[in-house]
Amino acid sequence: MTTTRDSAPTLLEVNDLHARYGDARVLHGVSLRVAEGEVVVLLGANGAGKSTLLKALSGLVDRSGGVTFDGADISGEPSARIVRRGLVLVPEGRGTFADLTVEENLRLGAYPTAATRSEVAASSDEIMTMFPILGERSTQRAGLLSGGEQQMLAIGRALMARPRMLLLDEPSLGLAPAVTKSVFETLRTLHEERGLSLLIVEQNAELSLGIADYAYVIEAGLIRVDGPARSIRDNEGLRRAYLGY
Amino acid sequence: MLIMQLLVDGVGKGAIYAALALAIVVCHRSTGLINFAQGEFATLSAMLTAVLTASGIPVWFSLGIAVVVSFIGGALIQFVVVRPTLKRPHLVQIMITIGLYICANAVGQIVFGPTPRPLDPLFPAGGFSLVGIRISWDLVGVVLLQALVITALTLFFSRTKAGLGFRAVATAPAASRVVGIRVERMHMVGWGIAAALGAVAGVSLTNLGVYVEPSMMTPVLVFSLAAVTIGGFDSAIGAIVGGVVMGVVETFATSLIPGLSGDAGMLVSLVVIVAILLVRPQGIFGRERVARV
């Protein structure tokens with residue numbers, strides 16, 4: 001498994017990344033790598049800096065250090081340009097536009113791209129076919145959807161930017177186990193059918209390791225352990241120490 | 001017949017209130033802030049129009065220039081004065097808009113002077129009579145002009161990509177950043193649009209017999225705030241309906257209640273504001289925010 005990882009071209013490379021959130025320094029030199037078409041999971045306890053890392057990669061918090069996406073240095077770029085490059089965040093707690101309709105939410109996903117009106121409509125139709133529940137509710141306000149439906153909407157909205165890689169922040173947060181399972185099924189499908197790369201931040205280690213190729217464990221703003229997802233899952237001492245199951 | 005006459009006059013005034021109310025709503029929707037200086041910005045725009053026409057430029061052309069300059073000025077003020085305080089408590093920003101109110105008023109006093117000056121009319125003199133009700137071309141023109149502006153603005157918000165972006169920023173700034181909307185830029189443009197709308201409102205007011213002077217918009221601001229309270233702070237349609245209602249209510253109250261005239265008419269808006277806040281705080285057209293935990 002490591003051999004395929006090493007030979008695959010790098011899509012995202014993070015080198016000695018520091019970030020602050022408000023007055024607090026949260027990341028103290030994180031380095032990691034996601035290969036083209038790979039699913040990587042980032043595990044760690046609450047407050048370890050996982051969400052901040054994803055926000056830093058998306059240009060949403062002050063950061064310093066090296067971030068390369070698809071060969072380009074994006075460490076100083078604003079969020080709009082990073083979205084245009086195809087690196088799109090699905091935020092924690094969904095972060096949908098509660099007062100706007102489902103269809104408007106989807107259209108906003110393509111906001112910073114150069115897509116024309118008809119291209120946006122075509123993408124939006126495609127996503128409503130992929131998630132039929134969004135199609136049924138296209139004129140409803142997003143705030144009225146259930147948690148699972150909002151998570152689907154948040155993923156659908158991210159897909160509107162025609163991304164090459166999604167950053168998913170706690171996609172299972174606050175969802176019932178059955179719903180969480182279907183969210184991960186969706187992610188697996190996106191990965192397998194579209195070759196989308198995924199960097200998933202999760203507290204649900206078991207489910208996320210199940211679909212991941214590679215895993216990093218972050219603690220107190222630093223990467224402590226990394227390795228193929230299977231070897232992390234099979235290492236009982238590691239699981240106990242960092243993942244708590 | 002008197003009632004019909006008062007109704008017509010009230011609608012004319014109401015159109016002005018609606019126009020400034022709309023500026024307040026646009027500013028609120030793009031930045032979540034009530035700009036108490038919105039009326040004074042409109043006064044400065046009217047003053048600029050007066051100065052331009054006095055130098056020989058036709059009044060419509062002067063208004064066009066004033067609209068553009070007001071847009072740039074509003075955006076610039078947001079960038080220089082309001083933007084640095086965006087992360088501070090809301091109250092700080094509201095105090096800043098009150099400071100801007102005082103500043104804008106002082107600038108008007110110093111640069112333009114306190115002497116009222118008439119502005120060339122936008123519309124032809126005279127009017128017509130319909131079953132005994134006098135309707136001036138000024139009034140027709142003012143109402144049509146506001147209707148045109150409001151229609152254009154509504155189409156902008158509901159049909160264009162930028163309009164959708166504005167609605168997104170108004171309700172969910174954090175999510176807007178995630179999808180890659182430049183929130184700060186939207187705030188700037190929102191203040192610009194609001195100031196441009198104010199310019200139309202201020203110049204329109206001079207067509208209903210008001211002279212250009214530093215405090216010309218003060219009563220208008222009070223009635224427009226009442227209009228926005230009626231309509232809901234984030235509803236464009238509410239601002240228009242609220243504006244017309246306030247124009248009619250004011251006209252009736254000042255004509256029919258003995259002793260209630262001039263500035264005392266502003267009492268009417270106070271009564272309306274208190275009544276609405278007690279009964280329906282989100283306004284008649286305002287929507288309660290959707291929140292699902």
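Every chain is numbered from 1 and lettered A, B, ... according to where its sequence line falls, protein lines coming before strand lines. Just the heavy atoms: all of them, side chains too, but no hydrogens, waters or symmetry mates, feed the values below.
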Checklist outcome for this item: dist A:Glu103:CD -> B:Leu164:CG (nearest 0.5 Å) comes out at 8.5 Å

Item to check | A:Leu60, part contacting chain B, at a heavy-atom distance under 4.5 Å | outcome: side chain

Checklist entry - For A:Lys181, does the NZ atom sit with more than 12 other heavy atoms under 6.0 Å from it, leaving out its own atoms? => result no

Item to check | Test side-chain contact (heavy atoms from CB on, under 4.5 Å) applied to A:Tyr111 and B:Ser176, step by step | outcome: CA-CA 9 Å; A:Tyr111 194 87; B:Ser176 301; over 6 Å; no

Item to check | Taking every non-hydrogen atom, the tightest pair across A:Thr96 and B:Ala175 | outcome: O-CB, 4.5 Å

Item to check | Contact origin within B:Ala174 toward chain A - heavy atom pairs under 4.5 Å | outcome: neither

Next on the checklist: On a heavy-atom basis, which atom in A:Ser79 and which in B:Gly180 lie closest, and how many Å separate them?
Outcome noted: OG-CA, 4.2 Å

Checklist entry - Is any side-chain heavy atom of A:Arg157 closer than 4.5 Å to a side-chain heavy atom of B:Val178? => result yes

Checklist entry - Which answer fits A:Ala110, side chain, backbone, both or neither, if we ask what part of it has an atom under 4.5 Å from a heavy atom of chain B? => result backbone

Next on the checklist: Once rounded to the nearest 0.5 Å, what's the spacing between atom OG of A:Ser58 and atom CZ of B:Arg177?
Outcome noted: 13.0 Å

Item to check | Atom pair CD/CZ of A:Glu104 and B:Arg167 - distance to nearest 0.5 Å | outcome: 4.0 Å

